[in-house]
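Numbered from 1 within each chain, the chains take letters A, B, ... in sequence-line order.
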Amino acid sequence: MDDSTIISVRDVTKRFGSSVLAVNRVSLDIKRGEFFALLGPSGCGKTTLLRILAGFETPSEGQVLIDGDEMEGVEPNKRPVNMVFQSYAVFPHMTVKQNVAYGLRVTRTPKAEIEQRVQQSLARVQLEEMAERKPDQLSGGQRQRVALARALVKSPKVLLLDEPLSALDAKLREQMQIELVHLQQSVGITFVIVTHDQNEALSMADRIAVMNRGDVLQVATPTELYEYPNCRFVADFIGKMNLFDGQVVGVREKQVVVRAGAIASQIGDITIPFADQAEGEVGIAIRPEKVRLNKLEPKEETIRLQAKVKEVVYYGNESHVFLQTESGAAITADMKNSSRHAHAGIVKDDVLWVSWLAEDTLVLTS
Amino acid sequence: MDSWRKNKLAFAVLALPPTAWLVLFFTVPLLIMWLYSFAERGPQGQIYLAVNFANYVRAIEWIHLGIIWKSIWIAAITTAITFAIGFPLAMGIAFAPARWKNILLLLVILPFWTNLLIRTYAWIAVLRTRGFLNFGLEWMHEKLSAFSALIGLPDVMGEFQALELLYNQKAVVIGLVYVYLPFLVLPIYATLEKLDKSYLEASLDLGAGHWRTLFSVTIPLALPGIISGCLLAFILSMGTFLTPALLGGTDSEMIGNLIARQFSSSRDWPFGSALSFLLLYMTFIILWVRASLAGRREEPI
C-alpha cells in the first residue's frame with residue numbers, strides 16, 4: 001500500500017447467517033482525494049461494503065485499512081470516516097445547528113472552535129440562514145445538506161455516502177450531483193458513494209467499482225467502464241447494449257475473428273480489434289448509439305445487415321429504433337434528433353441497413 | 001377509499017350497537033355516580049339526591065388528602081421502578097433479532113393470560129414470612145453459615161431472620177410494578193421499534209459512545225412512548241384497588257381502597273362517588289397536561 005491509497009480493502013468477505021454471501025472476497029484500493037463510486041443493482045452488496053468501511057458491519061474475513069491503520073475491532077465512533085445516510089438521519093429533535101455541532105460536542109471540542117467550525121460547515125452547504133430551524137421545517141434537499149455539513153464538520157479522512165440522491169426528485173438530483181462534485185473538489189476529502197444509478201456514478205465519480213452478487217466485477221474510470229466493459233454484466237448494466245452470443249473462430253495479432261450466431265448469416269465472420277486472449281463462446285456487443293441506420297447500403301468498411309423496423313419510440317432529444325433481422329435477432333439503434341426532421345423517414349415496417357464499425361464492437365469473454 | 005362513509009345507513013347500523021353499549025353501561029352509570037356525588041347519605045346508607053358539595057369538602061379533609069397523597073407517592077415510586085426495569089426491557093426487545101422479538105413480546109404479555117387475583121395471591125406465597133423468597137434466603141444463609149464454619153469462622157452469620165416482606169407498602173410497590181410493567185413496556189417498545197435505527201448509527205458515526213447515544217438520541221426520540229408508558233403505569237397504579245387490598249398492610253391503604261370501602265362496608269355511596277370523581281378529575285388533569293405538552297413539542301416522530 002503506497003501513500004496515495006486512503007482505503008485498502010483486502011479479501012473482504014461478509015456472510016449473513018450461513019447462506020447469504022453479501023460480499024465475496026472483495027479487494028480494492030481507493031485513492032486519496034478520489035470520488036469513488038460503488039455501483040450495482042440492489043442486493044449486490046455495495047451498501048454492506050460501505051457499512052463495513054463505516055464499522056457498522058464486521059467482515060467475516062479479510063481486512064480493511066484506512067489511511068494505513070487496520071480497522072479490525074475499531075468501533076464506528078473511533079473511525080476517521082463519516083457517513084451520509086440514505087435517510088439522512090438528521091436528528092429531528094435538534095436544530096440544524098445542533099445537528100451539525102453534535103459530532104463536535106460529543107468529542108469535547110472547545111466551545112469557540114465548535115462555533116467557528118459549525119458556521120464554516122453550514123456556509124459550505126449554504127445553510128447559514130437555516131441554522132435555527134428544525135429538520136421538519138426543511139425540504140428534502142436541505143435536510144441532505146444538513147447531513148453533509150454534519151459529516152464534513154468532523155473533517156473525516158473519508159466521507160461515505162449511502163445512496164445520497166435517491167430520495168430527491170430528478171431535477172434536484174442532477175443539481176445535487178454537480179454540487180457534490182464541487183463540494184468534493186473544494187474540501188479535498190475522499191468521497192465513497194454507493195449508488196444503483198449508473199448515470200449518477202458515471203457523471204460524478206473518478207472511478208467506479210461495479211458490483212453484482214457480492215463480487216466486484218470491474219473497477220475503472222467511467223469512460224473505461226462504458227467503452228471497455230470487461231464482462232456481459234457490466235456491459236449490460238452500464239448503459240444499454242445490443243448483445244449477441246458468438247464464437248471465436250480465429251485469432252490474429254491484436255485481432256479476433258468471431259461469428260455472431262443470430263446475425264452470422266448476414267454479416268459472416270467479422271474481424272474485431274482485440275488485445276486480450278479469447279476463445280470459445282463469447283459475447284459480441286455494440287452500443288445502440290454507435291449503430292447507424294440507412295435506407296441504402298452503406299459504402300464504407302462497416303459491419304452491416306438488413307433489418308425491419310418493429311417500433312420507433314420518440315423521446316424528444318432522441319429516438320430509439322427497435323429492429324429485427326430476418327433470422328429473428330433484435331437490434332436497437334438510438335438516434336440523436338439533431339435536427340427537426342432528422343429521422344422523420346423512419347417508420348414501422350421499413351427495411352433498413354443497420355451498420356457499425358468493427359472497432360466499436362466489443363468482445364466479452366465472461 | 002372512504003366511500004363507506006357516504007353510506008349513512010351502513011354506518012349507522014354498524015355504529016349503533018357499540019354506541020348503545022357504551023351509553024347504557026358506561027355513560028349512564030357515570031352520570032348516575034356524578035349525581036350521587038352531590039347527594040346525601042341517609043342513616044341506613046340511603047341516597048337522598050341533593051345538590052351540595054359536602055362530599056367533596058369531606059374528600060379533601062386532611063385524613064383523606066393523606067390517603068390521596070400516599071396514592072400519588074406509591075404510584076410515583078411504582079412508575080419510577082417500573083421505568084427503570086421496563087425501559088431496558090423495551091430496548092432489549094426492540095433491538096433483539098427479528099426472530100426473537102415475538103417470543104419476547106409474548107413473554108411480556110403472558111401474565112395477562114392468568115387472572116390478576118390469582119397472580120396477586122401468588123405474590124403472597126412468594127413474599128410471606130414462610131414464603132418462597134424467605135425459604136430461598138434461608139437456604140443461602142444456611143450454605144453461607146456452613147461455608148464460614150468450614151473456613152473457621154463459626155457464628156459469623158448469626159441466626160436467620162425471616163424478612164418482613166408482606167403486608168406493607170414495599171409489598172404493594174412490588175405487586176404494582178409486576179402488574180403494570182407490560183403497560184409501560186409496550187408503548188415504549190412500539191416507539192423504539194418504529195425508530196429509524198440510522199439515527200443511532202448516525203450518532204455513533206459522529207463519534208458518540210453508546211451511553212451518549214442513549215441519552216442524546218434514543219431517549220429524546222422515544223420520549224412520546226416513554227411519557228405514554230409512564231402515564232399509563234402512573235394512572236393505573238394510582239387508582240389500583242386489588243394489589244394494596246391483598247398485599248398491603250394497615251399503612252398502605254390507597255384511594256382505590258378508600259373508594260371501595262364507601263361502596264361496601266361504609267355504605268356511603270355519595271362520598272364514594274365524590275372520591276371517584278376526584279380521582280377521575282386528577283386523571284383528566286394529567287392527560288390534559290400531557291396533551292398540551294405534546295402539542296407544544298409538535299411530536300418529533
Side-chain angles (χ1 to χ4, degrees), chain A residues 16-17 47 50-51 53-57 74-95 98-109 114 121 133-137 143 146-156 158-163 167, chain B residues 83 87 90-91 94-103 187-230 290-301:
Chain A
F16 289 108
T47 298
L50 194 79
R51 290 172 58 81
L53 299 181
F56 296 123
E57 307 284 355
V74 180
E75 291 274 312
N77 54 352
K78 303 276 184 248
R79 295 194 178 201
V81 301
N82 284 103
M83 183 142 159
V84 174
F85 290 79
Q86 187 171 10
S87 62
Y88 311 147
V90 174
F91 302 129
H93 59 298
M94 299 181 191
T95 61
Q98 288 168 333
N99 261 286
V100 178
Y102 183 79
L104 298 175
R105 276 199 297 125
V106 297
T107 47
R108 307 234 162 72
T109 313
I114 293 182
S121 193
R133 294 228 187 147
K134 282 283 188 73
D136 58 3
Q137 297 165 298
R143 237 173 293 172
V146 178
L148 272 168
R150 187 176 70 174
L152 286 173
V153 79
K154 299 274 292 177
S155 311
V158 179
L159 185 73
L160 308 171
L161 302 104
D162 186 6
E163 302 262 5
Chain B
F83 179 73
F87 184 76
M91 245 177 81
F95 298 145
R99 65 205 152 97
W100 284 103
K101 266 183 201 172
N102 284 331
I103 300 171
I188 297 180
Y189 164 78
T191 31
L192 287 175
E193 169 67 26
K194 274 187 295 178
L195 190 68
D196 184 353
K197 303 295 180 287
S198 50
Y199 289 129
L200 314 185
E201 286 182 346
S203 173
L204 288 178
D205 186 69
L206 291 166
H210 289 278
W211 287 105
R212 182 67 197 244
T213 300
L214 178 70
F215 288 108
S216 296
V217 179
T218 316
I219 290 181
L221 290 182
L223 211 55
I226 292 173
I227 292 173
S228 298
C230 287
R290 183 233 184 308
S292 50
L293 279 179
R296 219 183 45 193
R297 266 188 306 121
E298 290 170 325
E299 289 296 327
I301 308 175

Original post:
Stepwise, does the side-chain contact (heavy atoms from CB on, under 4.5 Å) test hold for A:Arg51 with B:Glu201?
Top reply: CA-CA 10 Å; A:Arg51 290 172 58 81; B:Glu201 286 182 346; 2.7 Å; yes
**OP:** Check the pair A:Phe91 / B:Ser203 against side-chain contact (heavy atoms from CB on, under 4.5 Å), numbers first and verdict last.
**Re:** CA-CA 9 Å; A:Phe91 302 129; B:Ser203 173; 4.0 Å; yes
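- Two residues are said to be in side-chain contact when any heavy atoms from C-beta on lie closer than 4.5 Å; B:Lys197 and A:Phe56 fail this criterion.
- With a threshold of 4.5 angstrom between heavy atoms, A:Gln86 does not approach chain B through any atom at all.
- Of the two parts of B:Asp196, only the side chain, counted from C-beta on, holds a non-hydrogen atom closer than 4.5 Å to a non-hydrogen atom of chain A.
- Scanning both residues, B:Val217 and A:Tyr102, for their nearest heavy atoms gives CG2-OH, 3.6 Å.
- In plain terms, the two heavy atoms of B:Ala202 and A:Arg150 that are nearest each other are CB-NH2, 3.5 Å.
- The two residues A:Phe85 and B:Ser198 make their nearest non-hydrogen contact at CD2-CB, 3.7 Å.
- Annotation: A:Lys78, atom NZ; neighbour count of heavy atoms from other residues, nucleotides and ligands within 6.0 Å does not exceed 12.
- Looking at A:Val84, there are no atoms closer than 4.5 Å to chain B (heavy atoms on both sides), in backbone or side chain.
- With values rounded to the nearest 0.5 angstrom, B:Ser216 atom OG is found 7.0 Å from A:His93 atom NE2.
- The main-chain N or O of B:Asp205 is never found under 3.5 Å from a side-chain atom of A:Asn77 such that the two would form a donor-acceptor pair.
- Considering every non-hydrogen atom in both A:Val106 and B:Leu206, the closest pair reads CG2-O, 3.7 Å.
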